[in-house]
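To start, the structure under review is shown below, and the notes come after it.
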Amino acid sequence: MATGLDRAAGMGMVLLGGLIFIYYSIWIIVLPFVESGHILHQFFLPRMYSVIIPVVAGVILLGVIGVFITVIMLKNTKKPKKSN
């Protein structure tokens, strides 16, 4: 059973993920159809970052997963027993 703190943390993560999804979707899908002088453009980074940020995040994520798997595999290696 999840405690109140676990539920609050989970809800916070879901809300943060949802906000990031909405922001990125507007940035990628809606913004190209809005005139360049519109006030909406002030809230978003230049378009080149729409590709750079996910690529960097993906590389970091794959690196963390690789390090995690390596650490787990190194911890689980069984050393051969010495026979006397």
Side-chain angles (χ1 to χ4, degrees):
M1 291 287 180
T3 64
L5 184 60
D6 292 337
R7 288 181 185 202
M11 184 59 72
M13 286 188 277
V14 168
L15 289 174
L16 180 65
L19 288 174
I20 290 171
F21 176 76
I22 291 169
Y23 179 87
Y24 190 75
S25 296
I26 291 171
W27 188 18
I28 298 303
I29 298 171
V30 175
L31 214 58
F33 299 106
V34 177
E35 295 177 9
S36 60
H38 196 272
I39 194 168
L40 189 62
H41 283 277
Q42 293 177 349
F43 299 108
F44 296 93
L45 294 171
R47 292 199 48 86
M48 73 174 183
Y49 292 110
S50 66
V51 175
I52 293 172
I53 291 173
V55 168
V56 169
V59 168
I60 290 172
L61 179 66
L62 288 175
V64 168
I65 290 171
V67 168
F68 176 75
I69 290 173
T70 303
V71 168
I72 296 299
M73 289 179 68
L74 289 175
K75 281 185 178 181
N76 289 334
T77 56
K78 296 184 178 184
K79 297 178 182 175
K81 295 182 180 181
K82 293 181 182 178
S83 60
N84 292 346

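Keep in mind that what you see is a predicted model, and the values were worked out from it rather than measured. Along the sequence shown, residues carry numbers from 1.
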Side chain to side chain contact (heavy atoms under 4.5 Å, CB included) with Ile39: which residues, sequence neighbours excluded? Gln42
Shortest non-hydrogen contact from Phe43 toward Tyr23: O-OH, 2.9 Å
Could you work out, with side chain to side chain donor-acceptor pair (under 3.5 Å) as the rule, every residue matching Ser36, not counting sequence neighbours? none
Ile72: which residues meet the side chain to side chain contact (heavy atoms under 4.5 Å, CB included) condition with it, sequence neighbours left out? Phe68, Asn76
Could you list the donor-acceptor pairs under 3.5 angstrom formed between side-chain atoms of residues 25-32 and any protein atom two or more places apart in sequence or on another chain?
from	atom 1	to	atom 2	distance (Å)
Ser25	OG	Phe21	O	2.8
Trp27	NE1	Leu45	O	3.1

Show the atom names and distances, to 0.1 Å, of all donor-acceptor pairs under 3.5 Å that link a side chain in residues 1-13 to residues at least two apart or in another chain.
from	atom 1	to	atom 2	distance (Å)
Thr3	OG1	Asp6	N	3.4
Thr3	OG1	Asp6	OD2	3.3

same_hphob_cluster(Ile69, Ile60) at 4.5 Å side-chain heavy-atom cutoff: no
Output every pair passing side chain to side chain donor-acceptor pair (under 3.5 Å) with a member in residues 45-60, not counting sequence neighbours, ordered by first then second residue. none
Report whether Ile22 and Phe44 are members of the same hydrophobic cluster (ILVMFWY, side-chain heavy atoms less than 4.5 Å apart, transitive linking). yes
